[in-house]
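What follows is one structure encoded as structure tokens, with my remarks underneath.
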There are 2 protein chains.
Amino acid sequence: MDVDTRLLRYFRTVAEEGNLSRAAERLFVSQPALTKQIRQLEDRLGTRLFTRSKHGMALTGPGEALAAAVPAVLDAWDGARRAVRAAEAEASQVLRVSFLASAANEKTQPIIADFRERRPGWRVELRQASWGDPIAALVSGEVDAAFLRLPFPRQDEFASLALLTEPRCVAMAAGHPLARRESLRFADLLDEPFVAAPDAAGAFRDHWVAADARGGREVRVGAVTEHPDDWLTAIANGDGIALAPVSAARYYARPDIAYRDLDGVEPSTVALVWPKRHPLPAPLADFIAAARTHAD
Amino acid sequence: MDVDTRLLRYFRTVAEEGNLSRAAERLFVSQPALTKQIRQLEDRLGTRLFTRSKHGMALTGPGEALAAAVPAVLDAWDGARRAVRAAEAEASQVLRVSFLASAANEKTQPIIADFRERRPGWRVELRQASWGDPIAALVSGEVDAAFLRLPFPRQDEFASLALLTEPRCVAMAAGHPLARRESLRFADLLDEPFVAAPDAAGAFRDHWVAADARGGREVRVGAVTEHPDDWLTAIANGDGIALAPVSAARYYARPDIAYRDLDGVEPSTVALVWPKRHPLPAPLADFIAAARTHAD
DNA sequence: GACATCCATAACCTCAGGTTATAGATACAG
DNA sequence: CTGTATCTATAACCTGAGGTTATGGATGTC
């Protein structure tokens with residue numbers, strides 16, 4: 001009997017949740033799709049994996065046996081994909097790094113140059129990460145590392161090296177009344193609508209609306225964006241204001257956007273992020289070593 | 001990225017064969033289906049796994065990395081299924097055993113009774129195996145063991161315990177001219193058409209047409225059958241004759257079939273067969289122990 | 001007893017995994 | 001040098017799988 005790892009992920013999530021409806025939400029499929037898939041897995045294995053009740057789904061003995069065994073299957077496949085990726089990097093001599101916004105600002109190119117000195121013939125391919133899911137390419141193995149700003153989703157599952165920290169400022173439409181002032185305090189902004197990342201970004205989004213500096217008050221959301229271009233456009237249109245690292249004034253200078261110094265919010269830290277795994281592929285280890293020499 | 005183990009088996013077979021057309025034959029799919037699936041795997045992994053030429057398919061570096069890693073994935077899934085099956089046997093207290101024809105003849109029931117003494121509350125569920133692929137249920141894990149006659153396909157991949165050996169006779173239509181004789185020599189049968197198993201059964205089929213006793217001459221095939229009922233019908237109809245264990249006269253007695261003693265062919269051995277694996281689930285180990293006490 | 005929440009089924013839709021037919025490329029033999 | 005054989009790739013087509021929405025049945029709680 002063959003099986004798709006998708007089906008095993010479905011099973012694992014149902015086992016963890018104990019409830020089809022919640023598991024379906026986590027998996028971004030409808031509940032009937034999930035119930036059908038779980039039933040199909042049971043039919044093909046020829047045994048019940050769950051008992052069903054009003055309280056949800058409880059694992060049977062065989063279900064527990066499968067729940068114990070599934071991580072090994074999924075980990076083996078993850079390992080296989082990583083082995084393929086490492087071999088492909090070796091063959092093509094390309095390290096893939098995803099990034100958000102301005103990556104590591106002015107440190108980006110020196111890091112890459114340092115790496116190329118350590119690995120003649122190699123190059124670094126930079127790829128834009130999705131704001132809604134900045135670690136997707138890391139998780140899937142499409143990239144080897146990423147320049148991300150702390151915090152990011154599932155941060156404890158990855159290793160990271162802080163490269164630089166810079167203050168955060170506020171970005172607003174050039175014609176915004178507050179744009180007349182050279183400097184602002186965060187307290188001045190509590191009632192302003194914000195351009196924010198999607199809810200799904202969790203702590204990442206909280207960080208960029210400075211949720212911890214609001215004394216429990218909810219942020220007013222003027223627009224939700226997932227890409228820097230959309231983010232800039234929404235700001236320029238006056239849909240809302242946004243916190244930004246001060247380097248944004250350099251990397252995203254536009255006549256219709258004003259950046260103003262800001263007190264009262266935590267600074268922003270850029271880190272190089274990579275999967276927690278031992279041993280690391282040698283080229284990735286070299287890239288990390290190069291980054292370390294340029295870290296603050 | 002998710003993957004189906006079917007796709008990994010396709011990849012592995014192509015890697016082994018180095019040729020899509022031959023791999024497609026082994027996998028019982030068409031060559032265009034296989035080329036499409038391999039291409040899809042490459043697209044999803046984002047790298048070439050094979051180089052193509054007139055000589056066929058050669059693995060690339062990433063392809064070799066995947067070829068090295070795939071057994072771990074497939075073995076992990078096999079292990080998961082076995083764990084589920086063992087848990088299910090434990091929960092239901094049922095041992096599943098497949099068999100061909102008359103299983104272990106008169107030894108079958110004493111073995112089962114002995115096992116039930118060792119494991120009160122347990123029972124044995126007997127399931128007919130396919131003649132064309134007698135080990136399918138063993139391979140898939142649907143059964144825990146099987147009563148099979150030696151030789152059987154992929155025999156070296158399984159453990160076995162010979163239970164009994166009996167002479168082979170010849171079965172023929174009751175009206176067959178040779179039915180007048182009480183006893184025959186195999187040399188008398190060389191020109192007779194035979195009722196045979198499918199070619200795919202390999203050594204199993206060779207055994208039952210006594211290929212090794214024919215001095216290199218091909219057998220004349222009067223009919224190909226995959227089930228005992230079809231086999232008996234073909235013999236009774238005079239489509240051909242067949243070698244049979246002498247117990248067939250007891251278990252498959254019919255007025256329209258004559259069984260005659262035969263000299264000049266090897267006897268037939270029934271064995272209990274189970275997967276080579278350590279450790280064995282305790283219930284299966286008990287069944288094997290029970291069978292051992294009843295072996296010749 | 002009404003409502004909320006759980007899983008299951010029905011009906012439907014789109015696309016994936018297979019087929020056959022055939023094309024293009026290339027190596028080899030005559 | 002040409003024809004043939006054999007390799008992989010593509011096109012067109014078909015059936016069934018994996019998803020959806022709508023809804024049903026069961027059950028627990030207030």
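We name chains A, B, ... by the order of the sequence lines, and we start the count at 1 in each one.
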*Rounded distance in Å - NZ (B/Lys36) to P (C/dT20)*: 13 Å
*Please determine if B/Glu88 and B/Arg85 form a salt bridge, counting it only when a charged side-chain N lies under 4.0 Å from a carboxylate O.*
yes
*Measure from the side-chain heavy atoms of A/Arg52 and tell me the nearest of C/dC7, D/dC7, C/dG18.*
C/dC7
_Classify B/Gln40 by what it touches in the nucleic acid, base, sugar-phosphate, or nothing, heavy-atom distance under 4.0 Å._
sugar-phosphate
*Rounded off to whole Å, could you give me the CG-to-C1' distance for the A/Leu27 and D/dG19 pair?*
13 Å
*Nucleotide of D/dT8, C/dA27, D/dT20 approaching A/Ala33 most closely (side-chain heavy atoms)*: D/dT20
*Between A/Pro32 and A/Tyr10, which has a closest nucleotide on DNA chain D that is more 5'?*
A/Tyr10
*asked:* Rounded to whole Å, how long is the line connecting atom CZ of A/Arg39 with atom C1' of D/dA17?
replied: 17 Å
*For A/Leu20 and D/dG24, what is the distance between atoms CG and P respectively, to the nearest whole Å?*
20 Å
_I'd like to know if A/Glu42 pairs up with A/Arg39 as an ion pair, taking the criterion as any Lys NZ or Arg NE/NH1/NH2 lying under 4.0 Å from an Asp or Glu carboxylate oxygen._
yes
*Over-ring placement of A/Arg6 relative to A/Tyr10, 6.0 Å and 45° cut-offs*: yes
*In plain terms, say whether A/Arg127 and A/Asp144 are close enough for a salt bridge, that is, a side-chain N and a carboxylate O under 4.0 Å apart.*
no
*Of the nucleotides D/dT8, C/dC6, C/dA25, which one has an atom closest to the side chain of A/Arg22?*
C/dC6
*asked:* How many whole angstroms separate atom CE of A/Met57 from atom P of D/dT27?
replied: 16 Å
*Nearest-Å distance for atom pair CD1/P, residues A/Ile38 and D/dA17*: 17 Å
*Using the closest heavy atom to pick a nucleotide of DNA chain D for each, name whichever of B/Ser21 or A/Ser30 lands nearer the 5' end.*
B/Ser21
*Quick one: B/Glu25 CD to C/dT19 P, roughly how many Å, whole number?*
13 Å
*What is the nucleic acid contact for B/Phe50, judged by heavy atoms within less than 4.0 Å: base, sugar-phosphate only, or nothing?*
nothing
*Would you mind classifying the nucleic acid contact of B/Gln37 as base, sugar-phosphate or nothing, using non-hydrogen atoms under 4.0 angstrom?*
sugar-phosphate
_Nearest-Å distance for atom pair NZ/C1', residues B/Lys54 and C/dA27_ = 6 Å
_Sole candidate of B/Val29, B/Leu27, B/Val14, B/Leu7 that passes side chain to side chain contact (heavy atoms under 4.5 Å, CB included) when paired with B/Gln37_ = B/Leu7
*Given D/dG18, C/dA25, C/dC7, the nucleotide with the shortest approach to the side chain of A/Gln31*: C/dC7
*asked:* I want to verify a distance call: between D/dT8, D/dT20, C/dA25, whose nearest atom is closest to the B/Thr35 side chain?
replied: D/dT8
*asked:* For a quick test of reading the model: is some side-chain N or O of A/Asn19 closer than 4.0 Å to OP1 or OP2 of C/dC7?
replied: yes
